[in-house]
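In this text the structure is predicted, and so the values were computed from the model without any measurement. All ligand and atom numbering here is 1-based and tracks the order in the structure.
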Amino acid sequence: MTVLVTGGTGYIGSHAIVELQNAGHQVLALDNLCNSSRESLLRVEQITGKPVPFVQGDIRDASLLSRVFRDYSITAVMHFAGLKAVGESVVRPLEYYDVNVNGTLMLAKAMNEAGVFNLVFSSSATVYGSPESMPINEQCAVGGTTNPYGTSKLMVEKMLQDVAASDERWSIALLRYFNPVGAHESGLIGEDPSGVPNNLLPYVTQVAVGQRERLSVFGGDYPTEDGTGVRDYIHVVDLAVGHLRAIEYIAARKGVSIFNLGTGRGYSVLEIVAAFERVTGRKVPYAIMPRRAGDIAECWSDPARAKQELGWVARRSLEQMLADAWRWQSQNPNGFQR
Ligand code: NAD
Ligand code: WQD
């Protein structure tokens with residue numbers, strides 16, 4: 001297969017390219033570098049020993065997309081490009097709808113014109129809103145999203161379902177990720193957030209490396225075992241392997257397939273802090289603070305469908321996620337130094 005990877009220089013996209021190349025597929029990375037660095041692909045090349053062709057550009061640029069589909073024999077698309085900061089989406093909703101919804105619309109139109117109908121889309125467990133019971137399976141209701149980011153993912157899911165219903169040539173996987181963390185075991189690629197991290201793990205590693213004083217634990221009074229929020233953290237390499245399975249799966253069937261990608265097990269914030277200290281030997285000072293607006297108490301997946309249909313399970317342990325996140329952070333204290 002020749003796979004166009006939008007958002008290919010980003011955190012998850014770069015890990016997906018490693019798995020695609022290791023499995024013998026051809027790739028073309030497309031990214032406008034608004035939240036990533038070209039350096040990530042040079043690191044991917046070090047890992048895989050293969051060149052990664054790259055086009056710098058925006059998914060909303062119709063003429064660029066048609067050039068890409070004309071010049072390369074793309075057979076499938078993994079679509080990671082998008083904006084992902086929940087808080088920022090509340091302040092800049094137009095940008096989020098433009099990039100995430102309009103950007104995917106432009107991509108789907110270009111695919112349609114080029115006769116490329118296989119698409120794997122980065123969705124999120126956020127589409128489930130505030131579910132009433134755990135674990136969450138794919139039949140659980142979606143909706144009730146609490147911010148424009150989450151709503152943009154839901155809108156794209158619905159749009160792609162309508163597109164597939166209108167034309168049976170489409171074959172689409174909607175992958176609902178739980179909480180991706182960790183880094184490639186080489187320590188060469190990983191998550192490189194710009195500014196203050198929004199997500200727990202990059203914040204923890206930046207505290208441990210001495211860049212930030214202490215972690216604010218958002219809420220100590222949730223109805224969970226220790227009062228802090230519980231999430232299903234999944235190693236980014238397991239997630240990348242899930243994408244590989246999904247793109248191979250949709251090559252053999254039509255319509256829309258929806259999969260949760262998670263481990264099926266939740267950990268609290270304090271469990272993460274304790275495990276991180278144990279694995280790395282570093283202290284993570286923290287303070288319990290008020291809850292963060294829009295957060296839910298707990299969220300973990302039922303990953304049974306992905307196991308059954310894709311033959312995929314998340315194999316890497318919490319300890320491995322934390323050790324790999326730490327290796328990346330400590331070897332690259334300033335990330336890719338964009
Ligand atoms: P990331 O920011 O590292 O990667 C996204 C990439 O898209 C970046 O390299 C960015 O430069 C690029 N991009 C943004 N707008 C673009 C545009 N208009 N044209 C071209 N490129 C553009 O984020 P990530 O964590 O790798 O996330 C990848 C995808 O997975 C996103 O769609 C995100 O919403 C989704 N997702 C992420 C998480 C998570 O916690 N990381 C969870 C669920 C879903
Ligand atoms: C995890 C836990 C926080 C930071 C978000 C998006 C979701 C998906 C993944 C894209 C929660 C707590 C966090 C901190 C903390 N992204 N926390 N101190 O909120 O589960 O999911 O990222 O699709 O859509 O909403 O992830 O890493 O921000 O938080 O105490 O400094 O850590 O309250 O319980 P979240 P997270």
K.L.:
Under 4.0 Å from ligand 2, counting heavy atoms only, is it the side chain of L201, its backbone, both or neither?
P.N.:
neither
K.L.:
For S36, counting its heavy atoms only, list the atoms of ligand 1 lying under 4.0 Å from any of them.
P.N.:
8 (C), 9 (O), 11 (O)
K.L.:
Provide the number and element of each atom of ligand 1 under 4.0 Å from a heavy atom of G57.
P.N.:
19 (N), 20 (C)
K.L.:
Regarding ligand 1, does L83 bring an N or O atom to under 3.5 Å of one of the ligand's N or O atoms?
P.N.:
no
K.L.:
Counting from 1, what ligand 1 atoms have a heavy atom of T9 closer than 4.0 Å?
P.N.:
9 (O)
K.L.:
Please could you name the atoms of ligand 1 that L33 approaches to less than 4.0 Å, counting only its heavy atoms?
P.N.:
11 (O)
K.L.:
Check for me whether K153 has a heavy atom closer than 4.0 Å to any atom of ligand 1.
P.N.:
yes
K.L.:
Going by heavy-atom distance to atom 31 (O) of ligand 2, choose the closest among F218, F178, Y177.
P.N.:
F218
K.L.:
Taking heavy atoms and a distance under 4.0 Å, where does V99 meet ligand 1: side chain, backbone, both or neither?
P.N.:
side chain
K.L.:
Are any of the N/O atoms in Y11 less than 3.5 Å from those in ligand 1?
P.N.:
yes
K.L.:
Can you find a pair of side-chain heavy atoms, one from L4 and one from M78, that are under 4.5 Å apart?
P.N.:
no
K.L.:
Looking at E319, I'd like to know if its CD atom is crowded, meaning that more than 12 non-hydrogen atoms belonging to other residues, nucleotides or ligands lie closer than 6.0 Å.
P.N.:
yes
K.L.:
Out of curiosity, is S123 lining ligand 1, as in a heavy atom under 4.0 Å away?
P.N.:
yes
K.L.:
Do any N/O atoms on Y149 end up under 3.5 angstrom from N/O atoms on ligand 1?
P.N.:
yes
K.L.:
In ligand 2, which numbered atoms sit nearer than 4.0 Å to a non-hydrogen atom of N198?
P.N.:
4 (C), 28 (O)
K.L.:
Mark up the atoms of ligand 2 that fall under 4.0 Å of a heavy atom belonging to N179, in ascending order.
P.N.:
20 (O), 21 (O), 26 (O), 35 (P)
K.L.:
Can you pull out the closest protein heavy atom to atom 33 (O) of ligand 2? Residue, atom name and distance to 0.1 Å, please.
P.N.:
D295 OD2, 2.6 Å
K.L.:
Mark up the atoms of ligand 2 that fall under 4.0 Å of a heavy atom belonging to T126, in ascending order.
P.N.:
24 (O)
K.L.:
When rounded to the nearest 0.5 angstrom, what is the spacing between CG in L200 and CZ in F218?
P.N.:
9.0 Å
K.L.:
Cation-pi between R92 and Y96: NZ/CZ under 6.0 Å from ring centre and within 45° of the ring axis?
P.N.:
no
K.L.:
Which residue and atom name correspond to the protein heavy atom nearest atom 27 (O) of ligand 2, and how close is it?
P.N.:
L200 N, 2.8 Å
K.L.:
Give me the atom names and distance for the closest heavy-atom approach of I136 to P131.
P.N.:
CD1-CG, 3.5 Å
K.L.:
Do any nitrogen or oxygen atoms of S216 lie less than 3.5 angstrom from nitrogen or oxygen atoms of ligand 2?
P.N.:
yes
K.L.:
Quick one: do K109 and E113 make a salt bridge, cutoff under 4.0 Å?
P.N.:
no
K.L.:
When the ring planes of H184 and H15 are compared, do they come out parallel, tilted or perpendicular, using 30° and 60° as the limits?
P.N.:
tilted
K.L.:
Is it the side chain, the backbone, both or neither of V269 that has a heavy atom closer than 4.0 Å to ligand 2?
P.N.:
side chain
K.L.:
A side-chain contact here means heavy atoms from C-beta on lying under 4.5 Å apart; do V5 and V52 qualify?
P.N.:
no
K.L.:
CG/L239 to CZ/F178 distance, rounded to the nearest 0.5 angstrom?
P.N.:
11.5 Å
K.L.:
Could you tell me which atoms of ligand 1, counted from 1 in the order shown, lie closer than 4.0 angstrom to a heavy atom of G7?
P.N.:
6 (C), 7 (O)
K.L.:
Look at D238 together with R315 and state whether they make a salt bridge at an N to O cut-off of under 4.0 Å.
P.N.:
no
K.L.:
State the OG1-CD distance between T48 and Q21, to the nearest 0.5 angstrom.
P.N.:
4.0 Å
K.L.:
Does ligand 2 have a heavy atom under 4.0 Å from the side chain of V86, from its backbone, from both, or from neither?
P.N.:
side chain
K.L.:
Measuring centre to centre across the rings, with the benzene-like ring taken for any Trp, is W170 within less than 6.0 Å of F121?
P.N.:
no
K.L.:
Return the residue, atom name and 0.1 Å-rounded distance of the protein heavy atom closest to atom 22 (O) of ligand 2.
P.N.:
N199 ND2, 3.0 Å
K.L.:
For atom 31 (C) of ligand 1, what is the nearest protein heavy atom, given as residue, atom name and distance?
P.N.:
F80 O, 3.1 Å
K.L.:
Does K84 reach ligand 2, in the sense of a heavy atom lying below 4.0 Å from it?
P.N.:
no
K.L.:
Is there a polar contact between ligand 2 and V217, counting only N or O atoms under 3.5 Å apart?
P.N.:
no
K.L.:
Only heavy atoms count here, so choose which of Y286, Y233, Y222 is nearest to atom 1 (C) of ligand 2.
P.N.:
Y233
K.L.:
If the plane angle is over 60° it's perpendicular, under 30° parallel, otherwise tilted; pick one for F276 and W326.
P.N.:
perpendicular
K.L.:
Does a salt bridge link K84 with E191, judged by any charged N lying under 4.0 Å from a carboxylate O?
P.N.:
yes
K.L.:
Using a strict threshold of under 4.0 Å (side-chain N to carboxylate O), is an ion pair present between K50 and E45?
P.N.:
no
K.L.:
Just wondering, more than 12 heavy atoms not from Y286 lying within 6.0 Å of its OH?
P.N.:
no
K.L.:
Regarding E298 and R231, does a basic nitrogen lie under 4.0 Å from an acidic carboxylate oxygen?
P.N.:
no
K.L.:
I want to confirm something. Looking only at heavy atoms, which of A16, P193, G10, A125 is nearest to atom 4 (O) of ligand 1?
P.N.:
G10
K.L.:
Which bit of P180 is near ligand 2, meaning a heavy atom under 4.0 Å away: side chain, backbone, both or neither?
P.N.:
neither
K.L.:
Can you name the atoms of ligand 1, numbered from 1 with element, that are less than 4.0 Å from a heavy atom of A81?
P.N.:
7 (O), 21 (N), 22 (C)
K.L.:
Would you call D221-R291 a salt bridge at under 4.0 Å N-O?
P.N.:
yes
K.L.:
If hydrogens are left out, which of N32, N100, L30 has an atom nearest to atom 20 (C) of ligand 1, that is, the closest non-hydrogen atom?
P.N.:
N32
K.L.:
If I apply the N/O under 3.5 Å rule, does K84 come out as touching ligand 1?
P.N.:
yes
K.L.:
Under a heavy-atom criterion of less than 4.0 Å, does P180 contact ligand 1?
P.N.:
yes
K.L.:
Can you find a heavy atom in the side chain of S89 that is under 4.5 Å from one in the side chain of N100?
P.N.:
no
K.L.:
Please list the nearest protein heavy atom to atom 7 (C) of ligand 2 with its residue and the distance rounded to 0.1 Å.
P.N.:
S124 OG, 4.2 Å
K.L.:
Counting from 1, what ligand 1 atoms have a heavy atom of S122 closer than 4.0 Å?
P.N.:
29 (C), 30 (O), 32 (O), 35 (C)
K.L.:
Tell me the contacting part of V230 for ligand 2: side chain, backbone, both, or neither, using a 4.0 Å heavy-atom threshold, strictly below.
P.N.:
neither
K.L.:
Looking at ligand 1, does G8 have a heavy atom less than 4.0 Å from it?
P.N.:
no
K.L.:
Counting only heavy atoms, tell me which of R231, R292, E298 gets closest to atom 28 (O) of ligand 2.
P.N.:
R292
K.L.:
Any heavy atom of Y149 closer to ligand 2 than 4.0 angstrom?
P.N.:
yes
K.L.:
Check this for me - ligand 1, I59, N or O atoms closer than 3.5 angstrom, yes or no?
P.N.:
yes
K.L.:
Decide, yes or no, whether a salt bridge links E309 with R305 under the criterion of side-chain N to carboxylate O below 4.0 Å.
P.N.:
no
K.L.:
Which residue and non-hydrogen atom of the protein lie closest to atom 10 (C) of ligand 1, and at what distance in Å?
P.N.:
D31 OD1, 3.3 Å
K.L.:
Could you list the atoms of ligand 1 found under 4.0 angstrom from a heavy atom of C34?
P.N.:
10 (C), 11 (O), 13 (N), 14 (C), 15 (N)
K.L.:
Tell me whether Q139 at atom CD has more than 12 heavy atoms from other residues, nucleotides or ligands lying less than 6.0 Å away.
P.N.:
yes
K.L.:
Would you say that more than 12 heavy atoms from the other residues, nucleotides or ligands in this model lie under 6.0 Å from the CD of Q26, or not?
P.N.:
no
